[in-house]
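Every chain is numbered from 1, with letters handed out A, B, ... down the list of sequences. Source: prediction; values computed, not measured.
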Number of protein chains: 4
Amino acid sequence: MSQLGEEDKRQKILKAAVKVFSQKGFHEAKVDEIAQVADVGKGTVYEYFSSKTELFQEMFKAGMDFYINNVKIELKPGLTAREKLTKMARLHLRFIVKYRDLARITLTEHTYFNEDFRKWTYESRARKIELIKQIIDEGITGGEFRSVDSRAAALAFMGALGSIFPPIVFSKEKASYKSLLEPIMDIIFNGLESK
Amino acid sequence: MSQLGEEDKRQKILKAAVKVFSQKGFHEAKVDEIAQVADVGKGTVYEYFSSKTELFQEMFKAGMDFYINNVKIELKPGLTAREKLTKMARLHLRFIVKYRDLARITLTEHTYFNEDFRKWTYESRARKIELIKQIIDEGITGGEFRSVDSRAAALAFMGALGSIFPPIVFSKEKASYKSLLEPIMDIIFNGLESK
Amino acid sequence: MSQLGEEDKRQKILKAAVKVFSQKGFHEAKVDEIAQVADVGKGTVYEYFSSKTELFQEMFKAGMDFYINNVKIELKPGLTAREKLTKMARLHLRFIVKYRDLARITLTEHTYFNEDFRKWTYESRARKIELIKQIIDEGITGGEFRSVDSRAAALAFMGALGSIFPPIVFSKEKASYKSLLEPIMDIIFNGLESK
Amino acid sequence: MSQLGEEDKRQKILKAAVKVFSQKGFHEAKVDEIAQVADVGKGTVYEYFSSKTELFQEMFKAGMDFYINNVKIELKPGLTAREKLTKMARLHLRFIVKYRDLARITLTEHTYFNEDFRKWTYESRARKIELIKQIIDEGITGGEFRSVDSRAAALAFMGALGSIFPPIVFSKEKASYKSLLEPIMDIIFNGLESK
DNA sequence: TATGAATGAGCATTCATTCAT
DNA sequence: AATGAATGAATGCTCATTCAT
């Protein structure tokens, strides 16, 4: 129970960090406020994370992993490449809507801390691209897609997908997301598919 | 000469701001360093800009305007929609390569300052989208493109284009940009064009 | 003990503030020095007072209240008006000598901060005048004093009393205060003119 | 004319200094503003005064001298001591009302600059006291006044006189000054006690 | 002589981090 | 383990002063 309690507290702090960092950005977020939101003492934050920076990075990493798992999890074999990408796009959209704060951070914060973190971020992005690229390669191999540059295709897909985020998070036109995803995917698939 | 001298100093500060802000982000950038890079006294920065925040915003706005003009300027009438978009993509790429620092800022900083600036940023993004959308609409009207949702298409185009930025700026594979642009555009156009 | 400790620290800072402010005035006094004199960290000052200005005002108010209480406390009923005023003058003198620094501030600083503080200062002065005026009114009612304008008399008394301050604080003739108070009071009570 | 022009400019600056210093105090007053009010360039201030501090001191000294001359000027021989003091009090009152700003400074600013200035201020005060003391001594010698401690009497007189200033300058009861001076003087001359 | 653009020393304030309890 | 009072390094900004014109 003590162990669970600890894990609990760590989680509480991470959740508070997501909320506060996502709303204020790294520098405007104060450790004091995170501690308050987490309902723990300020010193306690430092029991679990050695610094504000480390807290941010841990949270960021956890968020990214969570995102990737979220998006990956339902990509069961047996689906066509198009089905997989469509599923992925829907999961991406769902993630943004459901974990708005987390999404805001993992998708927009670009704070530079140190080489290690930069590397990790870069590699994390690479993992996402690789995931998409593999599906596209499957599609190509299976004759479903044209024989395009699969890395370029993955970038285009990810970029197009990413363009949905700002309209959702920053504007008020809340109704439109779903109606935005379909046509965007339509263009990408039309571009990818063999005629 | 005095007038030129003044403009010169303002410009020097803006250039230094681009460099420092782009490399460190808003909060890590120190006014001291910007002044040093601009080779002026710290107080001089405050002669031309009332605060660090105002300096950032001025620089950001100037950068955005510069980008849009850069990208808009060669879109002469008489070109097909595809030619226009291709041209735009090439100009985007050229901008990124030529004005690396400026691009890094205008394309990635998302610091929140105040509602006015948020609005300006949002509207600036909207201007970019509108520009693309109009070209796509022309293409649809002229029978060049399929009858797609032109706003969605503009988002997809802009997103795909945007996905080229990180590989260029953050990785070392400098050779690849040109070879990346073609296939990405290929997919978008295949998606857009009527068969 | 913790509570006492806190009160202790706040008090230490207030005492240091009296010393430093009184010797240098508001603007020449540096928060750094106050902290040093109080033997606390600079940040600690801001734990107890939200700003240098607030610290000054708190200190000033506390000093004024302390002065009034000091002067008021021994004015027991049963004394004649003349005895009361004499007592008050002696207490005033004692206060100046004993709390030199505090006196220097409460009696000479006239820094304008904001309307609230101005008002408070004004009202505080008014309280002092009122206190004196009442005693004079008693004296008039009791036939001890002539039927003078009691407010004007209070001002004259206070002004005359105040004129002792500079010779005491700014000159070196330390011996003379006591010998100065008597004749000044004598004039207030008996006037200049020969009958 | 050039010489007059210079003198003119110096005077303009001094007048502006009186206005600005008196309204804001030494530290809140900005050289920039003084220059603007004087309608000269900022650099010009430094042509006539070596520093802000020197400007203040010059202005203060000039103001004090002006006050003393103002108050001294009509004390023609042939008047009784009481007449002289009454005249002096009226002139004091007139000075306050007419040269409100200058009065505010010469009578309330207590900024510490350096030993020389402190000394000058102290001596200036001493001059005022001496002036009064001499008149009182005359009064005593001539049998007009009781044989009081003339220095103490001078202090009391000056203090009582000084007590009129705050009600005039800081409160709104503009009507009352004249009606305040008479009873205050009455007390100084006749004392509080019924004979 | 007059100017005001340029300067940088100086300071109030913030906030991540520590550590005694 | 948990806390939050205490700390001081770090920085944006002001403004008296200088000096080239």
Side-chain angles (χ1 to χ4, degrees), chain A residues 2-3 5-6 9 13 26-36 38-56, chain B residues 1-2 5-6 9-10 13 27-36 38-55, chain C residues 1-2 5-6 9-10 13 27-36 38-55, chain D residues 2 5-6 9 13 26-36 39-56:
Chain A
S2 147
Q3 225 180 6
E6 276 182 28
K9 228 159 227 185
I13 295 169
F26 181 74
H27 279 95
E28 288 306 311
K30 312 301 172 196
V31 174
D32 246 336
E33 192 184 350
I34 293 172
Q36 254 172 31
D39 197 34
V40 299
K42 201 199 316 193
T44 308
V45 173
Y46 287 84
E47 290 288 321
Y48 293 92
F49 304 92
S50 69
S51 71
K52 183 188 179 188
T53 298
E54 209 217 47
L55 170 57
F56 181 86
Chain B
M1 200 175 110
S2 148
E6 276 181 29
K9 220 155 237 184
R10 200 188 143 88
I13 294 170
H27 279 98
E28 286 306 312
K30 310 303 170 194
V31 175
D32 251 337
E33 191 185 349
I34 293 173
Q36 254 172 28
D39 197 32
V40 300
K42 199 198 318 193
T44 308
V45 172
Y46 288 88
E47 287 281 317
Y48 292 92
F49 304 92
S50 66
S51 69
K52 183 189 177 185
T53 297
E54 207 219 46
L55 170 57
Chain C
M1 199 175 111
S2 147
E6 276 181 29
K9 220 156 238 183
R10 200 187 142 88
I13 294 170
H27 280 97
E28 287 306 312
K30 309 305 170 194
V31 175
D32 249 336
E33 192 184 348
I34 293 173
Q36 253 172 29
D39 196 33
V40 300
K42 199 199 316 195
T44 307
V45 172
Y46 288 87
E47 288 282 317
Y48 293 91
F49 304 92
S50 67
S51 68
K52 183 188 177 185
T53 298
E54 207 219 47
L55 170 57
Chain D
S2 149
E6 276 181 29
K9 228 160 227 186
I13 295 170
F26 181 74
H27 280 96
E28 289 306 312
K30 311 303 172 196
V31 174
D32 246 336
E33 192 184 349
I34 293 172
Q36 254 173 31
D39 197 34
V40 299
K42 201 200 315 196
T44 308
V45 173
Y46 286 86
E47 290 289 322
Y48 294 91
F49 304 92
S50 69
S51 70
K52 183 188 178 186
T53 297
E54 208 219 48
L55 169 58
F56 182 86

d([atom1], [X]; [atom2], [N]) in whole Å:
X     : N      : atom1 : atom2 : answer
B:E28 : F:dG12 : CD    : C1'   : 14 Å
D:I34 : E:dG4  : CD1   : P     : 16 Å
D:H27 : E:dG10 : NE2   : P     : 14 Å
D:D39 : E:dG4  : CG    : C1'   : 14 Å
A:F56 : E:dA16 : CZ    : P     : 14 Å
B:E47 : E:dG8  : CD    : P     : 13 Å
A:F26 : E:dC15 : CZ    : C1'   : 12 Å
A:Q36 : E:dA16 : CD    : P     : 13 Å

For [X], which contact category applies under a 4.0 Å heavy-atom criterion: base, sugar-phosphate, or nothing?
X     : answer
A:G43 : base
B:A35 : nothing
C:K52 : sugar-phosphate

**Prompt:** For B:V40 and C:D32, take the nucleotide of DNA chain E holding the closest heavy atom to each; which residue's nucleotide lies nearer the 5' end?
**Reply:**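 Final value for this comparison: B:V40.
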**Message:** Would you compute the distance between atom CD of A:E54 and atom OH of A:Y48 and round it to the nearest 0.5 angstrom?
**Reply:**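 Between atom CD of A:E54 and atom OH of A:Y48 there are 14.0 Å.
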**Prompt:** Could you give the distance from CD (A:E33) to CD (A:E28), rounded to the nearest 0.5 Å?
**Reply:**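 Rounded to the nearest 0.5 Å, the CD-CD separation comes to 10.5 Å.
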**Message:** Is the phosphate of F:dA16 approached by D:K42 (side-chain N or O, under 4.0 Å from OP1 or OP2)?
**Reply:**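 Result: no.
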**Prompt:** Between E:dA2 and D:Y48, is there an OP1 or OP2 to side-chain N/O distance shorter than 4.0 Å?
**Reply:**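 So the side-chain polar atoms of D:Y48 do come within 4.0 Å of the phosphate oxygens OP1 or OP2 of E:dA2, strictly under.
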**Message:** Heavy-atom nearest nucleotide on DNA chain F for B:Y46 versus C:T44: which residue maps closer to 5'?
**Reply:**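 Nearer the 5' end of the strand: C:T44.
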**Request:** Ignoring hydrogens and angles, tell me if any N or O in the side chain of B:K9 forms a donor-acceptor pair with the backbone of B:A38 under 3.5 Å.
**Result:**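 Absent.
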**Asked** For the side chain of D:K30 and the base of F:dT14, is some donor closer than 3.5 Å to an acceptor across the two?
**Response**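 No such pair is found, so the answer is no.
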**Item:** Parallel, tilted or perpendicular: ring planes of D:H27 versus C:H27, cut at 30 and 60 degrees
**Value:**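 Because their plane-to-plane angle is under 30°, the rings of D:H27 and C:H27 count as parallel.
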**Prompt:** When you measure from the side chain of A:S51, which nucleotide among F:dT7, F:dA16, E:dT17 comes out closest?
**Reply:**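 Nearest to the side chain of A:S51 among the choices is E:dT17.
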**Request:** Report the base-pairing partner of E:dT21 (Watson-Crick or G-U wobble, both distances below 3.5 angstrom), or none.
**Result:**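 Across any shown strand, E:dT21 pairs with F:dA2.
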**Request:** Report yes if some heavy atom in the side chain of A:F26 is under 4.5 Å from a heavy atom in the side chain of A:T53; otherwise report no.
**Result:**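 Yes, their side chains come closer than 4.5 Å.
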